[in-house]
Amino acid sequence: DNQARIMRFGDGNVLSTLKGHGNPVTALAFDQSQVSIATGSESGSLRQWDIKTGDTSRIFEGSHKAAVTGLHWSVHGNFLASCSKDTRMRIWDLRKKDCLQSYKEAPAPLTAVQFSPCLLYTSPSPRDS
């Protein structure tokens, strides 16, 4: 139904429904402070949401050309890493609201991405062929 739902752990009550993607949501990540959520969709679009209001706070332009398969916030919340079936990993600078780096043409679609705690490394994971 192209939505993500924020549910309370334990009782499963829906606290917020995030509406705005035109395709099914395929990836989701909470920031460390639990103020924002990032979502990615089957079409490759990325959005940032305010957890309390459920409103879109940012649409990432030119994010990916295929389904987003992984999202990860940096420890301090200044960067967001995304990866996709389009074989690209992108690092988004959330302060400048721009794509900081783009790593292209991995040998296979990427399925996961994660920052190291010290921000010296990111590691995309290609899907086994």
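Computed from heavy atoms alone, side chains included, the values below leave out hydrogens, waters and symmetry copies.
One hydrophobic cluster, built from ILVMFWY side chains closer than 4.5 Å, holds both L110 and I91. Linking Ile, Leu, Val, Met, Phe, Trp and Tyr residues whenever their side-chain heavy atoms come within less than 4.5 Å leaves V25 and I51 in two separate clusters.
Remark: S63 pairs with no residue by the side chain to side chain donor-acceptor pair (under 3.5 Å) rule, at least two apart or across chains. When the salt bridge (Lys or Arg N to Asp or Glu O under 4.0 Å) test is applied to D98, no partner is found at least two apart in sequence or on another chain. Under the side chain to side chain donor-acceptor pair (under 3.5 Å) criterion, T87 pairs with no residue, sequence neighbours left out. Every salt bridge (Lys or Arg N to Asp or Glu O under 4.0 Å) that R5 has, sequence neighbours left out, goes to D1. Every residue was checked against the salt bridge (Lys or Arg N to Asp or Glu O under 4.0 Å) condition with D55, not counting sequence neighbours, and none meets it. A search for side chain to side chain donor-acceptor pair (under 3.5 Å) contacts involving S16 returns nothing, not counting sequence neighbours. Every residue was checked against the ring-ring contact (aromatic ring centres under 6.0 Å, His included) condition with W49, not counting sequence neighbours, and none meets it.
For residues 24-50, the set of pairs meeting the salt bridge (Lys or Arg N to Asp or Glu O under 4.0 Å) definition, not counting sequence neighbours, is empty. Among pairs with a residue in residues 6-25, those fulfilling salt bridge (Lys or Arg N to Asp or Glu O under 4.0 Å) read R8-D11, at least two apart in sequence or across chains.
In terms of heavy-atom proximity, S102 sits nearest to R88 at OG-NH1, 4.2 Å. Considering every non-hydrogen atom in both Q32 and S74, the closest pair reads CG-O, 4.0 Å.
Clustering of Ile, Leu, Val, Met, Phe, Trp and Tyr side chains at separations under 4.5 Å leaves V35 isolated, with no partner residue. Clustering of Ile, Leu, Val, Met, Phe, Trp and Tyr side chains at separations under 4.5 Å places L94 together with L46, F60, V68, L71, W73, L80, W92. Residue F9 shares its hydrophobic cluster (ILVMFWY side chains chained together at separations under 4.5 Å) with no other residue.
Rounded to the nearest 0.5 Å, atoms NE2 (H64) and OG (S41) are 10.5 Å apart. One distance of note links SG of C83 with CE of M89; it measures 8.5 Å at 0.5 Å rounding. Taken from CG in L28 to CD1 in I6, the straight-line distance is 6.0 Å, to the nearest 0.5 Å.
The backbone N or O of N23 sits nowhere less than 3.5 Å from a side-chain atom of S43 that would complete a donor-acceptor pair. At distances below 3.5 Å, not a single donor-acceptor pair connects side-chain atoms of H72 with backbone N or O atoms of A81. Although no hydrogens or angles enter the test, the distance criterion places a donor-acceptor pair under 3.5 Å between the side chain of S84 and the main chain of D86.
A heavy-atom distance below 4.5 Å is not found between the side chains of N13 and M7.
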